[in-house]
Each structure stands twice: as C-alpha cells, then as structure tokens.
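This report refers to the structure that appears directly beneath it.
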Amino acid sequence: MNQQSDDLRELYRELILDHARSPRHFGRLEHATHQAAGINPLCGDKLRLYLQVDADNRIEDTSFEGTGCAISVASASLLTDTIIGQPVDKAEAYFESITKRLTHGEPAELDQNLEKLRALDGVREFPSRVKCATLAWHALHSALNQQEEPATTE
Amino acid sequence: MNQQSDDLRELYRELILDHARSPRHFGRLEHATHQAAGINPLCGDKLRLYLQVDADNRIEDTSFEGTGCAISVASASLLTDTIIGQPVDKAEAYFESITKRLTHGEPAELDQNLEKLRALDGVREFPSRVKCATLAWHALHSALNQQEEPATTE
Amino acid sequence: MTQAQAQLGASAEDWRKDFPILDQSVSGHALVYLDSAASAQQPQSVIDAVARYHQEDHANVHRGVHTLSHRATEAYEGARDKIRGFINASSRTEIVLTSGTTESINLVAQSFCRPRVGPGDKVLITHLEHHANIVPWQLVCEQTGAELVVAPIDDDGQLELEALRALLTDDVFILAMGHVSNALGTVNPVKEIIAEARQRDIPVLIDGAQGVPHMPIDVQDLDCDFYAFSGHKMFGPTGTGVLYARESLLDAMPPYQGGGDMILEVSFDGTIYNELPYKFEAGTPNISGVIGVGAAVDYLQSIGMERVAASEQVLHDYMVESLSEIDGMRLIGTAGNKTSVQSFLLDDIHSHDLGTILDHQGVAIRTGHHCAMPVMTRFGISGTARASVALYNNLDDVDRLVEALRKAQQIFA
Amino acid sequence: MTQAQAQLGASAEDWRKDFPILDQSVSGHALVYLDSAASAQQPQSVIDAVARYHQEDHANVHRGVHTLSHRATEAYEGARDKIRGFINASSRTEIVLTSGTTESINLVAQSFCRPRVGPGDKVLITHLEHHANIVPWQLVCEQTGAELVVAPIDDDGQLELEALRALLTDDVFILAMGHVSNALGTVNPVKEIIAEARQRDIPVLIDGAQGVPHMPIDVQDLDCDFYAFSGHKMFGPTGTGVLYARESLLDAMPPYQGGGDMILEVSFDGTIYNELPYKFEAGTPNISGVIGVGAAVDYLQSIGMERVAASEQVLHDYMVESLSEIDGMRLIGTAGNKTSVQSFLLDDIHSHDLGTILDHQGVAIRTGHHCAMPVMTRFGISGTARASVALYNNLDDVDRLVEALRKAQQIFA
Ligand SMILES: Cc1ncc(COP(=O)(O)O)c(C=O)c1O
Ligand SMILES: Cc1ncc(COP(=O)(O)O)c(C=O)c1O
C-alpha cells in the first residue's frame with residue numbers, strides 16, 4: 001500500500017503536476033516550418049506540435065496545443081523546454097533516448113540537457129501510461145521527418 | 001456392445017435394405033401434376049418426388065428419383081408404396097403421423113396401411129438419422145401444398 | 001445507505017460469489033470492478049460450460065453424423081433456443097448468431113441497406129450512438145450515396161424526441177438507435193419511438209448491447225425489426241453476438257458472407273442458399289462461445305431479469321447520489337431514465353489520470369471516449385471517467401470508488 | 001505395421017494424453033476421432049488458458065487503463081505476436097485476427113476485390129476448393145460483374161498445372177486457392193504457383209485452413225499475398241481465424257466492418273481509421289479465443305511442426321495402405337503429395353450409412369460433401385466417407401477404422 005502510494009507520487013511528481021497545470025509554449029506557432037499531430041489511441045487525446053526550424057537546422061521556436069492527461073501534457077511541455085534552441089539532429093537523438101528509456105526501461109546515460117526528463121521515469125511502473133509520456137516525442141519525430149498530415153499514433 | 005449391434009440391426013432391417021437396394025417407383029414421372037425436391041442439409045443428398053393426382057384428388061401414380069443413404073431411399077420407396085391410390089388428404093395425414101412418430105417418438109396408433117412403416121422405427125435410436133427417414137415425407141408435404149421449386153429442407 | 005442496503009438485499013452478495021475473477025486483489029487492494037459496460041465478467045457456470053464442452057463434446061456442428069458432432073450440434077442449437085426464449089423472439093429462424101453487436105450491425109448495413117439505398121435516401125441515427133452504430137452506416141452511405149442524419153440530444157444526454165419525430169420522414173430508409181447509451185447510461189424510450197417509426201413504415205434497428213444485460217427484453221413487445229447485442233456484455237464469452245431480425249426481412253436479404261453451412265448447394269453455375277438463420281452464418285461458428293452464451297442465459301434466468309434490473313437500479317441510484325456529494329464533481333449524463341452507467345469529470349483532473357489513480361487502489365473504471373466520440377464532442381469534452389455496475393456489484397464497491405476519487409483529489413490538490 | 005509403429009515412435013502416444021476429450025467411450029467403445037479436418041480437439045493447455053483467462057484476467061482490450069484491461073490486452077496482443085512468429089510474417093501489422101478462415105476470405109473478397117474489379121476481370125480459383133473459397137468469390141463476381149474462372153483437377157484430385165498456368169492471364173485480378181484440400185488431402189505446390197503468379201503480378205490468396213495444422217508454414221518463404229486459416233483446426237478455440245496479408249495491400253484496402261477499435265477518430269463529418277492491423281478489427285474481438293490460439297501455437301511449437309508433419313505422414317500412409325487392402329474400397333483422392341485426409345467409398349454403401357455404423361463402433365469420421373460439392377461433382381459422386389488424422393492419432397485408430405468398415409460390409413452384405 002505504501003509502495004503503491006509511492007509509485008503514484010513518483011508518477012505525479014511536483015514537476016509533472018506543475019507542467020501539466022501550466023504547460024510551457026502552449027498554443028499555435030504562427031510561422032511553423034514543421035508540424036505533426038499525435039493521437040493516443042488509448043484515450044483519443046490529440047495534440048499538435050509546431051516547430052520553427054531555421055536555415056542552420058536549429059529549432060528556433062516550438063509550441064504545442066491540444067488536450068491530454070497530466071502525463072502527456074507535462075511531457076509535451078518538458079519537450080518544448082528541452083528542444084528549443086537545439087539542432088534538429090540533437091532533437092532527433094533526444095527522441096531516440098527518451099522513447100528507449102521509457103519504453104524499454106533502458107537506463108541509458110542521459111544528455112545533461114535531458115536531466116529534467118527524469119521526472120517522467122515514474123511511468124515505467126505504469127505500462128499503460130508509457131504511451132502518454134512518449135506521445136509528444138513521437139509527434140516530434142513525425143514533424144522532423146516531415147510526415148505531415150495523417151494523424152500519427154504509436 | 002450387443003445392445004449396440006441390435007440397434008444397428010434394428011436400423012438396417014432386411015426390409016429397409018431391400019427397399020434401399022431395389023427402390024420401388026424409382027425414376028421420373030412423365031405426367032406429374034405435383035412435384036417437390038427435398039435436400040438433406042446434413043449430407044447434401046437430394047431427391048425429387050413426383051405425384052400424379054387425378055380429378056378426385058386421388059394419387060393415381062407417384063415416383064421419386066435422386067440419391068441418398070439407405071434410410072432415405074428406403075423411406076422414399078416405402079412412401080410411394082404407401083400413398084399410391086390414396087386420397088390426397090389421407091397422404092397428408094400420413095405425413096403428419098409418420099413425422100410425429102419418428103421425430104417425437106410418439107407411438108401414435110398407425111393406420112393399418114402404415115404398418116409396414118414400422119420398419120423405420122429403428123431411426124429413433126439414431127437422432128442424427130431422423131432427417132433421412134423423414135426427407136421424402138417432407139417432400140410429399142411440399143408437393144401436396146404446391147410449394148414447387150425452391151428446394152425444401154427440414 | 002442503510003436504506004439502499006435493505007433494498008439491495010443479500011442477493012447481490014450471493015451473485016458476486018458466482019464470479020471467480022472478482023475474488024482477487026489488484027495493486028494490493030480487493031478488486032472493485034466497475035467496468036462491466038466495456039465487458040462483463042463470467043459466472044463459474046459459464047466458464048465451466050465452455051471448458052466441459054471442450055473436454056467432452058467438441059466437434060464441428062451441423063454436418064456430422066458421429067456422436068460428438070451430434071452432441072455439439074445439439075448444444076449449439078440448444079443455445080440458440082435459449083437465446084430465442086430470453087428475448088422472446090417468435091422463432092429460432094430469427095436468431096442469427098454473429099461475432100458481436102458490431103458484426104450484427106454491419107450485417108444489416110451491408111445486406112439490408114446497401115443493396116437498396118442510394119442518393120436521396122437517409123439513414124437516421126442519434127447523437128448518442130456507440131461507434132459500432134455509426135461507422136457501419138457511414139461506410140454504407142459512402143458506398144451508396146445515401147445520407148447519414150443524426151437526431152440531437154439535450155444537455156442531460158437525452159434524445160430530443162420532438163426533433164427525432166420531425167426527422168422520421170418518408171425518405172428515411174432505416175432508423176438505427178441504441179437501447180441504452182454506453183457512454184451516459186441513458187435509457188431511450190425505444191418502444192414509443194419504434195411505434196412511431198412503424199406508422200411511417202420505417203424499419204428500426206435497436207443496438208441492444210447495453211440493454212440485454214440490464215433489463216428484460218421482449219423483441220415482440222418492442223416490435224422492432226432488428227435487435228443487436230453481444231455475448232460478452234451479458235456474462236458470456238467474447239466473440240459472440242446475436243442479430244434478432246424479423247423473418248420476412250431476413251428472407252428478402254442477400255447473404256452477408258459466403259462459405260460453408262450457409263449454402264444448400266454449390267456449383268460453379270450458381271449456389272442455393274440455406275434456410276434461415278443459416279443463410280447468414282457462413283463458416284464454422286464460435287461453437288463453444290455460443291454454448292457459453294446459452295449458459296449465461298441460464299444463469300440470468302435463474303435469477304430473473306426483473307430482479308437484476310431492480311437490484312442494479314438501487315446500486316445505480318446509490319452511485320449517482322454518492323458521486324454527487326463529492327466537491328468538484330461534474331456528472332455527465334443526467335437523464336431521468338438511466339441504468340448501470342455514470343460518466344463524470346472531477347475537478348480538472350484528466351480522466352486518464354483518474355483511471356490510473358483509481359486502479360492503484362484496486363478500482364477498475366473506464367476512461368476516455370468510450371467509443372462514443374460524438375457524445376464527447378456534444379459535451380465539449382475529450383472524455384470522461386465512467387463507472388458501470390452489473391449484478392455482482394454492491395454498495396461497498398461504490399464506497400470504494402468514492403474513497404479512491406477523494407485520494408485522487410489529494411494527489412492533484 | 002511394425003515398421004510404421006517404429007517410425008511413429010512413442011511421441012504420438014504422449015501427445016494423445018494431452019487431449020482430454022479423447023479419453024472417453026462412445027457407444028460403448030473407446031473413442032477413435034478421425035474428424036480433425038472438420039475441427040481439431042484442444043490440448044488441456046488450451047482449455048486451461050481460456051478458463052484461466054476468464055477466472056483471472058478478463059476485461060475489454062485496448063482502451064482500458066486499469067490492470068485487468070492491461071493484462072487482457074497484453075495477453076491478446078501477445079497471442080498475435082505468437083501467431084506472427086508461427087507463420088513467420090515479417091510484422092505484427094500483417095496479422096489480422098478474424099472469426100475464421102471464412103471471414104478472412106470474405107474480407108479479402110469485399111475489401112480487396114470488390115472496390116477494384118468489374119466486368120472483364122477474372123477471379124481464378126480451382127476445382128479443389130472448399131465452399132469458403134468459392135462462395136465469397138461468387139458473391140463478389142455477382143456484385144461487380146467480374147468472372148469466376150476455375151482451374152481443373154485430374155482424376156487423382158491433383159491440380160492440372162499446365163491448365164492452371166494457361167489461365168494465369170493478365171485479366172486475372174486474384175488467384176485464390178487452397179494449400180491442402182480438405183476433401184481429398186491433396187497438397188498443392190503452392191510455392192511454385194505463387195512464383196508464377198507473381199511473375200505476372202497476380203496477387204495470390206492461399207486458403208491455409210488445412211495447411212497450418214499439418215506442416216510448418218512460412219509466409220515469407222511462400223511469398224503469398226494473403227494466407228487465411230482458422231484457430232479451431234489448429235487445436236485452438238472456435239470463432240477464431242487469421243488473415244495474414246502483406247502490409248502494402250492492407251494499407252491500400254478500405255476497412256471491412258465499421259465499429260469500435262478500428263477508428264482513431266469519429267465525427268459525423270468523417271472518420272479516421274486506425275493503423276494496421278486494427279483498421280480491420282472492428283468491435284470487441286474474441287479475446288479468450290485468440291488467447292487460446294496463442295496457447296495452441298505454444299503447444300505446437302513445443303513439439304515442432306516438422307515432427308508433427310513427419311509423424312502424421314506415417315499415419316496417413318499407414319491409413320491409405322490399410323484402407324486399400326479392403327475389398328470393395330474405392331479411394332477418392334490419390335494425389336502423389338497428400339496429408340492427413342483420405343476420402344473413400346466402400347462397395348455401394350452410402351457414406352452416411354457408413355458414418356452411422358462406424359459411430360456405433362466408436363469411430364468418428366465425416367461423411368457427405370465436406371463443403372466441397374464441386375469436388376464431388378467432378379468425381380460424379382454425391383459424397384464420400386472421410387477419415388482425417390491429426391497429431392494425436394495412432395496406428396490403433398487406423399486399425400479400428402478398418403475393423404469398423406468390415407463390420408459395415410457385413411451389415412450390408
Ligand atoms: C480448406 C478449408 N477452407 C476453409 C474452411 C473454412 O474454415 P472455417 O469454417 O473455420 O471458417 C475449411 C474448414 O471447414 C477448410 O477445410
Ligand atoms: C451501445 C454499444 N453498442 C455496440 C457495442 C459494440 O459491441 P461489441 O464490441 O461487442 O461488438 C458496445 C460495446 O462496446 C456498446 O456499448
């Protein structure tokens with residue numbers, strides 16, 4: 001019971017709840033060069049991620065909009081914080097390490113820039129919620145790979 | 001084991017085997033006034049019954065053709081023997097008593113004319129074969145009720 | 001509560017013991033299963049009937065002359081007879097066995113509608129429907145050019161009857177509507193609506209997936225043309241369903257799927273279809289599943305659907321009352337006539353998060369759109385948390401639900 | 001006989017003990033089950049997997065956030081992975097779960113062919129097919145004006161390969177043929193035929209209902225476009241089936257049925273379908289049945305399909321030899337490459353009578369047209385008696401068959 005409660009506290013850490021309540025970079029990005037939607041088939045929630053990539057392949061700006069559970073919104077919010085100002089290939093690498101870490105529980109070394117994302121580790125005890133935590137990251141992957149319109153899922 | 005063998009002997013009585021080997025009134029009737037087909041969905045066997053009914057509603061002649069197991073052929077053969085020369089309503093009554101007797105095991109009094117049909121009683125121990133024994137009788141019923149073409153089944 | 005307890009009586013506790021799955025703990029807590037609207041659990045008698053069938057009697061049905069095949073056929077067709085009796089159809093030829101409500105509705109869309117509708121014709125559904133009673137009609141409308149028309153609902157989640165009446169025009173080929181909404185629990189006044197549709201000669205399909213498990217059903221009394229339901233929602237196995245249909249309609253419909261058992265004669269020149277209901281049952285059926293549904297009917301009849309309905313109503317009302325007492329509770333679906341289901345939102349906690357937190361206290365509810373996205377759209381939300389009761393639930397289950405929701409509020413405080 | 005016994009080894013006896021239904025007497029004799037081609041029996045491990053699922057883990061799949069739903073989804077999707085491995089498909093997205101071979105073939109006829117064929121197009125099948133691989137094509141030809149073309153067979157029940165080749169013309173939209181004939185046991189050289197069809201860009205559907213239970217199947221090696229089979233013929237539950245299909249083809253096909261689970265988003269303006277394979281799986285699936293098929297795959301893999309095939313070949317050959325020794329025996333189906341099945345006629349005894357007499361000695365065979373009427377027509381007969389072996393049969397079963405046939409001859413002497 002205590003173990004259980006701890007798991008829940010671990011999932012809904014203060015940082016997560018904070019990002020869920022006040023998501024960063026929320027809204028539509030006017031001059032987006034890339035975008036993609038992510039649908040979570042489990043709950044039907046949909047979010048859309050916008051990227052503005054500059055001539056040097058650097059993510060100049062980013063935002064997201066949509067609805068979702070605390071986990072998916074917090075994850076999207078953390079994502080925007082993390083990738084802003086990063087080169088595109090770095091963002092793609094982040095996608096790889098985060099999805100691996102959450103999906104396969106790989107404790108792979110995290111880029112210093114990703115330290116904050118350890119806050120998502122709690123989902124690993126909740127297999128049915130991993131998709132919530134990775135949704136925005138899959139949208140990022142789709143957007144960067146120009147798989148525009150058709151709603152992507154995992 | 002002996003009980004079992006007896007049941008089989010009861011099913012395949014000499015009279016049945018005789019009618020199955022040498023069916024009476026076998027073939028097509030040229031001047032048929034009524035006819036109907038019967039298909040046994042269990043084995044796909046089909047037989048067609050022909051009737052020639054005269055002005056007085058008497059079955060002047062009858063015949064059948066088709067393929068079938070020993071039980072269905074013998075039953076059809078016995079049927080033709082039984083109804084020939086009978087008034088139509090009597091034949092319809094025979095249909096009623098035979099199907100009741102074989103299907104529900106009702107030991108209803110049998111018209112004297114039907115005594116021979118006791119030879120079919122063996123099927124009552126073989127529920128999966130009752131349809132074989134009643135097939136021709138259902139065709140008779142269809143033919144008399146002018147339900148012509150569409151293949152009838154039970 | 002004591003009053004509710006008294007009304008409920010001891011019987012629900014007895015029934016609960018018949019369901020072995022309920023006797024387990026989840027996340028360290030005794031399981032509280034409040035997700036029967038998604039799929040109901042099975043009494044031991046159903047589980048045993050299926051296992052016994054496979055241990056003693058299995059063979060393919062209909063065409064076999066040997067003992068096992070005969071036993072399997074008798075058991076399978078015996079289950080059809082039980083189902084016929086359970087919904088009081090007038091003949092066994094009107095009981096088509098399918099793989100579920102979904103297939104039953106697709107069958108009607110493809111075999112009844114598709115050959116006969118075209119541009120200018122309308123298919124009328126309601127805003128309350130499950131996707132299973134929407135998408136098959138969208139497909140057939142796309143295929144034929146017919147138009148899909150949707151009757152509106154009000155803020156309580158009730159059909160707007162006047163609007164529905166106004167939509168029952170001559171160009172409506174079929175009205176397809178649910179008996180009970182799986183998302184909101186609304187019980188529709190289907191009998192009255194069917195009567196009005198019949199006056200205008202409009203055939204009616206009732207999606208009874210959520211009706212059959214909770215109340216006595218009499219298709220002759222309802223006077224509907226089609227009634228579709230699933231075995232797994234009425235305490236039987238998955239992969240089973242029923243389409244009740246008037247014989248005269250079935251007779252006139254072409255087959256849905258082709259294969260063994262639905263034919264009398266096959267040749268390359270042409271094929272003669274089998275009689276009803278077999279014309280609509282191609283291939284080896286879900287024999288053990290259907291036998292399980294027969295056992296579920298036996299179980300329900302041993303209790304009596306009137307008693308089931310009465311007992312569930314007490315539970316449902318107690319649940320609605322208990323939920324209402326929580327601060328920050330928003331009930332979605334507040335129709336006057338409801339059964340089994342309550343959808344809700346709590347504070348601004350996303351239903352998915354609620355689901356996880358409740359599960360961690362052993363309480364199983366469903367969250368999300370419940371395959372009824374248009375209902376969610378109607379209420380301007382993306383989903384709800386939904387608790388649904390069945391005959392095996394008790395008042396304690398409801399108390400546990402409330403307690404677990406308060407814990408969620410603490411976490412999100 | 002001793003030689004056959006030696007080849008068969010002790011393993012078949014061990015396998016037999018896994019099937020509880022075989023340990024019973026029928027008509028006072030130990031049961032001899034020679035009707036596996038109609039439906040196979042289940043090992044205890046399959047029966048238990050299904051019962052355990054319902055006693056411990058059942059809930060609806062895919063959309064639930066609670067523990068039971070998660071367990072059910074894992075078990076259900078785990079079974080899909082097992083099936084993928086069993087037939088060596090390259091991806092789980094290519095494994096569509098259906099209610100049986102019949103539904104699998106209807107799905108291809110309706111979703112792959114119907115939207116794309118018309119007058120001038122041909123659907124090519126063979127004279128060996130089961131009704132499940134005939135009637136769906138007759139229906140789609142009726143609906144579209146395409147033409148059904150039938151490749152002939154010879155007097156041994158083998159495809160006439162030259163004739164088949166000649167029929168593989170540019171106007172053939174699809175070739176649909178069986179892997180193994182259920183009526184005659186003929187094993188078709190599908191790999192070679194598929195290769196020839198591919199050269200002409202003709203997609204090929206293989207009806208593998210009688211292939212999967214008896215030999216290792218590798219769909220990538222076969223290089224077919226569709227491969228359809230049933231759970232209940234491979235020792236799993238009824239009401240389950242599989243359609244393997246190339247992902248690129250599935251991608252391009254419209255959905256077959258509409259309902260829950262096959263959509264991502266539903267609104268009255270339009271609907272977005274789910275990804276593969278879910279686009280083709282509308283409604284609550286046969287969860288426990290599929291889990292049972294997964295358990296059947298485990299069982300078969302624990303033995304190894306190579307061993308199953310080798311053991312059955314010994315049995316089959318022994319059966320053919322033993323039957324041939326009976327006076328008045330006429331074997332129907334004498335292809336060089338055969339498995340499991342032998343059809344026959346004895347004297348002029350109707351197969352139906354044979355079936356009854358054998359059953360009274362505890363020997364279960366199938367009689368009649370075996371849902372392959374055109375095969376019967378080809379041989380100018382209305383039906384046959386058919387004995388089929390599976391991995392649990394032994395040489396004694398064959399001896400009992402022969403003995404029972406001699407008794408039938410006495411009765412009809
Ligand atoms: C060769 C063949 N194809 C198709 C089928 C149809 O399979 P099912 O009835 O399981 O759909 C069968 C079995 O009856 C068969 O033997
Ligand atoms: C109202 C309603 N209709 C249709 C369905 C579909 O039933 P199934 O998934 O068993 O085909 C459901 C269940 O999900 C339902 O609740």
Side-chain angles (χ1 to χ4, degrees), chain C residues 20-21 26 35 38-39 41-42 47 51 54-56 58-60 63-68 99-100 102-103 106 130-132 134-136 138-139 150 230 232 237-239 257-260 263 265-268 271 282-284 286-289 352 355-356 359 364 366-368 371 373-374 377, chain D residues 20-21 26 35 38-39 41-42 47 51 54-56 58-60 63-68 99-100 102-103 106 130-132 134-136 138-139 150 230 232 237-239 257-260 263 265-268 271 282-284 286-289 352 355-356 359 364 366-368 371 373-374 377:
Chain C
I21 196 172
V26 160
D35 192 24
S39 196
Q41 300 298 347
Q42 295 182 10
I47 299 171
H54 278 300
Q55 268 154 356
E56 299 176 6
H58 173 62
N60 213 330
R63 267 165 225 294
V65 71
H66 61 77
T67 298
L68 292 185
S99 63
T102 300
E103 185 174 78
N106 277 278
H130 184 281
H131 294 165
I134 301 175
V135 188
Q138 288 183 324
L139 291 173
V150 184
S230 295
H232 71 101
T238 49
Q257 299 192 326
I263 56 88
E265 226 182 279
V266 171
S267 81
F268 295 126
T271 285
T284 304
N286 187 347
I287 307 169
S288 66
H352 213 158
T356 295
D359 183 54
R366 185 124 315 211
T367 64
C371 293
M373 282 192 180
T377 310
Chain D
I21 196 172
V26 159
D35 192 23
S39 196
Q41 300 299 347
Q42 295 182 11
I47 298 170
H54 277 299
Q55 268 154 358
E56 300 176 5
H58 172 63
N60 213 329
R63 265 164 226 293
V65 71
H66 62 78
T67 300
L68 292 185
S99 64
T102 300
E103 186 174 77
N106 278 277
H130 185 280
H131 294 166
I134 301 174
V135 188
Q138 288 183 324
L139 290 174
V150 185
S230 297
H232 71 100
T238 50
Q257 299 194 326
I263 55 89
E265 226 183 279
V266 171
S267 81
F268 295 127
T271 285
T284 304
N286 187 348
I287 308 169
S288 66
H352 213 160
T356 295
D359 182 55
R366 187 126 311 214
T367 63
C371 293
M373 280 191 182
T377 311

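By convention in this document, chain letters (A, B, ...) are assigned in the order of the sequence lines, proteins followed by strands, and residues within each chain are numbered from 1.
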Measure C:Gln42 against the heavy atoms of chain D and call it side chain, backbone, both or neither at under 4.5 Å.
-> side chain
Chain C contact via D:Asn106 - side chain, backbone, both or neither, heavy atoms under 4.5 Å = side chain
What residues, two or more places apart in sequence or in another chain, satisfy side-chain contact (heavy atoms from CB on, under 4.5 Å) together with C:Val150?
-> C:Ile125, C:His127, D:Phe268
Write down the atom of C:Ala282, the atom of C:Gly259, and the distance for their closest heavy-atom approach.
-> CB-N, 3.9 Å
Nearest heavy-atom pair of C:Val65 and D:Thr367: which atoms, and what distance?
-> CG1-OG1, 3.8 Å
Contact origin within C:Ile134 toward chain D - heavy atom pairs under 4.5 Å = side chain
Relative to chain C, which of D:Asn286, D:Thr102, D:Thr271, D:Thr356 shows the most heavy atom pairs under 4.5 Å?
-> D:Asn286
Looking only at heavy atoms, what is the nearest atom pair of D:Met373 and D:His131, with distance?
-> N-NE2, 2.9 Å
Can you tell which of C:Ile263, C:Thr67, C:Val266 has the highest number of heavy-atom pairs within less than 4.5 Å of chain D?
-> C:Val266
Residue D:Ser267 versus chain C: region with a heavy atom under 4.5 Å = backbone
Pick from C:Gly355, C:Pro237, C:Ala364, C:Ser230: which one has the most heavy-atom pairs with chain D under 4.5 Å?
-> C:Ala364
Chain D contacts, top residue of C:Pro136, C:Gly289, C:Gly368 (heavy-atom pairs, under 4.5 Å) | C:Pro136
C:Gln138 versus chain D, heavy atoms under 4.5 Å apart: side chain, backbone, both or neither?
-> side chain
So which of C:Gly100, C:Ser99, C:Gly64 has the biggest tally of heavy-atom pairs under 4.5 Å with chain D?
-> C:Gly64
Hey, which of C:Ser288, C:Pro374, C:Cys371 has the most heavy atom pairs under 4.5 Å with chain D?
-> C:Pro374
Here the pair of heavy atoms bringing C:Arg366 nearest to D:Asn60 is NH2-O, 3.4 Å
Nearest non-hydrogen partners of D:Leu68 and D:Glu56, listed with the distance = CD2-O, 3.5 Å
NE2 on C:His54 to CD1 on D:Ile47, rounded to 0.5 Å = 7.0 Å
Salt bridge (Lys or Arg N to Asp or Glu O under 4.0 Å) partners of C:Asp359, counting only residues at least two apart = none
Ranking D:Ser39, D:Pro20, D:Ala51 by heavy-atom pairs under 4.5 Å to chain C gives rank one to D:Ser39
Considering all heavy atoms of both residues, which atom of C:Ile21 and which atom of D:His58 are nearest to each other, and what is their separation?
-> CD1-N, 3.3 Å
Does any heavy atom of chain C fall under 4.5 Å from the side chain of D:Ile287, the backbone, both, or neither of them?
-> both
Highest number of heavy-atom pairs under 4.5 Å with chain C among D:His352, D:Glu103, D:His130 belongs to D:Glu103
